[in-house]
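Read through the structure below, which is laid out as structure tokens, and then see the notes.
For ligands, and for the atoms within them, numbers begin at 1 and follow the listed sequence.
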Amino acid sequence: MRVGLTGGIASGKSTVSSILRELGAVVIDADQIAREVVAKGTPGLAAVVEAFGPDMLTPEGELDRPKMGALVFADETQRKVLESIVHPLVFERYAELEAAAPADGIVVHDIPLLVESGRAEEFEAVIVVDAPEELQIERMVRDRGWTEDDARARIAAQATREQRRAVATYLIENTGTREDLRLAVTEVFEALLAP
Ligand SMILES: CC(C)(COP(=O)(O)OP(=O)(O)OC[C@H]1O[C@@H](n2cnc3c(N)ncnc32)[C@H](O)[C@@H]1O)[C@@H](O)C(=O)NCCC(=O)NCCS
Ligand SMILES: Nc1ncnc2c1ncn2[C@@H]1O[C@H](COP(=O)(O)OP(=O)(O)OP(=O)(O)O)[C@@H](O)[C@H]1O
């Protein structure tokens, strides 16, 4: 069964995907793939440097992610340029991983931009992790050391909560404790196993 998993930034999506993994799902993580395709020495990173210049590299030759984030989340045109380089590479790698995924069992596709890319229809079920904006911001400021403006800029680059909630087969409201979240995820997993 192919299941989509999405949620706004810092909604708790990665926490949900790791719980699903513990419960036995196979998870394909788009954020992780998006990192791999621009790792040091890849053609993806070379294409990014060609578009944005060598200033976007750290002294070690890696993509300077905070610097790139500051640029693209302040400027939509630049974000589109980056996406036009990274997304096709992500799709390519994604297709390979998908082909290698088990035919039975539950395969969860963790895709932050599932709604933005119009792909929700491709999945038998979609899990949406949702949290109020103020809580998303609080988590980003607390856990990532970002300013409130940085956090708001990321949220502004994404679909709205309403747009995401509209595609949910299962909606997980991550407003309680981590233990509450675990219980909610376990319930969804059981429902997926016995629809
Ligand atoms: C700009 C980059 C270098 C910043 O890196 P950073 O390590 O700070 O963030 P990371 O990649 O871990 O992403 C964290 C979260 O930011 C949000 N986010 C990332 N890219 C985007 C985007 N293009 N649009 C909207 N939100 C985004 C997502 O919620 C994601 O879960 C990086 O996010 C990137 O390369 N983005 C473009 C590729 C992309 O669209 N990735 C998203 C999944 S395919
Ligand atoms: N119920 C919760 N209570 C307290 N902290 C939480 C809870 N759920 C998640 N967190 C914390 O909030 C932060 C954001 O969660 P997580 O990384 O899972 O979000 P995400 O949606 O995957 O973010 P991103 O979009 O950046 O990948 C993390 O530090 C996580 O440990």
Would you please determine whether Gly7 falls within less than 4.0 Å of ligand 2 on a heavy-atom basis?
no
Atoms of ligand 1 under 4.0 Å from any heavy atom of Glu83, numbered from 1 in the order shown, are 22 (C), 23 (N), 24 (N)
Does Arg35 approach ligand 1 within less than 4.0 angstrom via side chain, backbone, both or neither, non-hydrogen atoms only?
side chain
May I ask you to identify the nearest protein heavy atom to atom 41 (N) of ligand 1, giving residue, atom name and distance to one decimal place in Å?
Ala34 CB, 4.0 Å
Do the side chains of Arg139 and Arg142 get nearer than 4.5 Å, heavy atoms only?
yes
May I ask you to identify, for Arg154, whether its side chain, its backbone, both or neither come under 4.0 Å of ligand 2 on a heavy-atom basis?
neither
heavy-atom search around atom 11 (O) of ligand 1 in the protein gives Arg65 NH2, 2.8 Å
Hey, what do you get for CD1 (Ile111) to OG1 (Thr6), rounding to the nearest 0.5 Å?
7.5 Å
In this structure, atom 15 (C) of ligand 1 is nearest to the protein heavy atom Ile9 CD1, 3.5 Å
Identify the protein heavy atom lying closest to atom 29 (O) of ligand 2, giving its residue, its atom name and the separation to 0.1 Å.
Asp143 OD2, 2.6 Å
Heavy atoms, side chains only, cut-off 4.5 Å: are Leu181 and Ile172 in contact?
yes
Within 45° of the ring axis of Phe52 and under 6.0 Å from its six-membered ring centre, is that where the NZ or CZ of Arg79 lies?
no
Judged by heavy atoms only, the candidate from Ile33, Val72, Val86 nearest atom 38 (C) of ligand 1 is Val86
Arg119/Glu122 under salt bridge (Lys or Arg N to Asp or Glu O under 4.0 Å): CA gap, chis, key distance, verdict
CA-CA 6 Å; Arg119 297 186 50 204; Glu122 290 174 27; 3.0 Å; yes
Applying salt bridge (Lys or Arg N to Asp or Glu O under 4.0 Å) to Arg152 and Glu134, what does each step give before you reach the verdict?
CA-CA 10 Å; Arg152 287 193 191 280; Glu134 292 313 312; 3.6 Å; yes
Could you give the distance from CG (Leu71) to CG (Asp55), rounded to the nearest 0.5 Å?
11.0 Å
Atom 22 (O) of ligand 2 sits nearest the protein heavy atom Ser14 OG, 2.5 Å
Given Asp180 and Thr177, is the side chain to side chain contact (heavy atoms under 4.5 Å, CB included) satisfied, shown in steps?
CA-CA 5 Å; Asp180 294 332; Thr177 63; 3.2 Å; yes
Between the CD atom in Glu92 and the NE2 atom in His87, the distance rounded to the nearest 0.5 Å is 14.0 Å
Among all the protein's non-hydrogen atoms, which is closest to atom 36 (N) of ligand 1, and how far away is it?
Leu82 CD2, 4.0 Å
Interatomic distance, Lys67 atom NZ to Arg65 atom CZ [nearest 0.5 angstrom]:
15.0 Å
Starting from atom 14 (C) of ligand 1, what is the nearest protein heavy atom, named by residue and atom, and what distance separates them?
Arg154 NH1, 3.7 Å
Within less than 4.0 angstrom of ligand 2, does Arg144 place any heavy atom?
yes
Just jot down the ligand 1 atoms closer than 4.0 angstrom to any heavy atom of Leu113, in number order.
22 (C), 23 (N), 24 (N), 25 (C), 26 (N), 40 (O)
Atoms of ligand 2 less than 4.0 Å from Gly12 heavy atoms?
15 (O), 16 (P), 18 (O), 19 (O), 20 (P), 21 (O)
Note: ligand 1 atoms sitting under 4.0 Å from heavy atoms of Asp31 are 30 (C), 31 (O), 42 (C), 43 (C)
I need the contact type for Arg139 against ligand 2. Using non-hydrogen atoms and a strict under-4.0 Å cut-off, is it side chain, backbone, both or neither?
side chain
Among all protein heavy atoms in this structure, tell me which lies nearest to atom 28 (C) of ligand 1, with the distance rounded to 0.1 Å.
Gln158 NE2, 3.4 Å
Would Gly8 count as a contact residue for ligand 2, given that I'm defining contact as a non-hydrogen atom of the residue lying under 4.0 Å from a ligand atom?
yes
Measure from the side-chain N and O atoms of Gln136 to the backbone N and O of Ala10, and report whether any donor-acceptor pair falls under 3.5 Å.
no
Phe123 vs Met1, side chain to side chain contact (heavy atoms under 4.5 Å, CB included): CA-CA, chis, key distance, verdict:
CA-CA 8 Å; Phe123 298 94; Met1 183 179 196; over 6 Å; no
Under a 3.5 Å distance rule, please check whether Asp110 uses its side chain to pair with a backbone N or O of Ser17 as donor and acceptor.
no
Specify the protein heavy atom at minimum distance from atom 5 (N) of ligand 2: its residue, its atom name, and the distance to 0.1 Å.
Arg178 NH2, 3.3 Å
Ligand 2 atoms nearer than 4.0 angstrom to some heavy atom of Thr177 are 1 (N)
Counting each atom of ligand 2 from 1 as listed, which ones have a heavy atom of Asp31 under 4.0 Å away?
27 (O)
Quick one: does Ser11 get a heavy atom under 4.0 Å from ligand 2?
yes
Please lay out, stage by stage, how Arg182 and Glu187 fare under the test salt bridge (Lys or Arg N to Asp or Glu O under 4.0 Å).
CA-CA 9 Å; Arg182 176 173 294 278; Glu187 270 175 29; over 6 Å; no
Tell me, which protein residue and heavy-atom name are nearest atom 3 (N) of ligand 2, and how many Å apart are they?
Gly176 O, 3.8 Å
Can you pull out the closest protein heavy atom to atom 39 (C) of ligand 1? Residue, atom name and distance to 0.1 Å, please.
His87 NE2, 3.4 Å
The reported gap from CE in Met56 to CG in Leu63 (rounded to nearest 0.5 angstrom) is 8.0 Å
Looking only at protein heavy atoms, identify the closest one to atom 8 (N) of ligand 2 and say how far it is in Å.
Asn174 ND2, 3.0 Å
I need the nearest protein heavy-atom contact for atom 19 (C) of ligand 1: residue, atom name and distance, please.
Phe73 CZ, 3.9 Å
Pairwise distance CD1(Ile127) to NZ(Lys13) - rounded to 0.5 angstrom:
12.0 Å
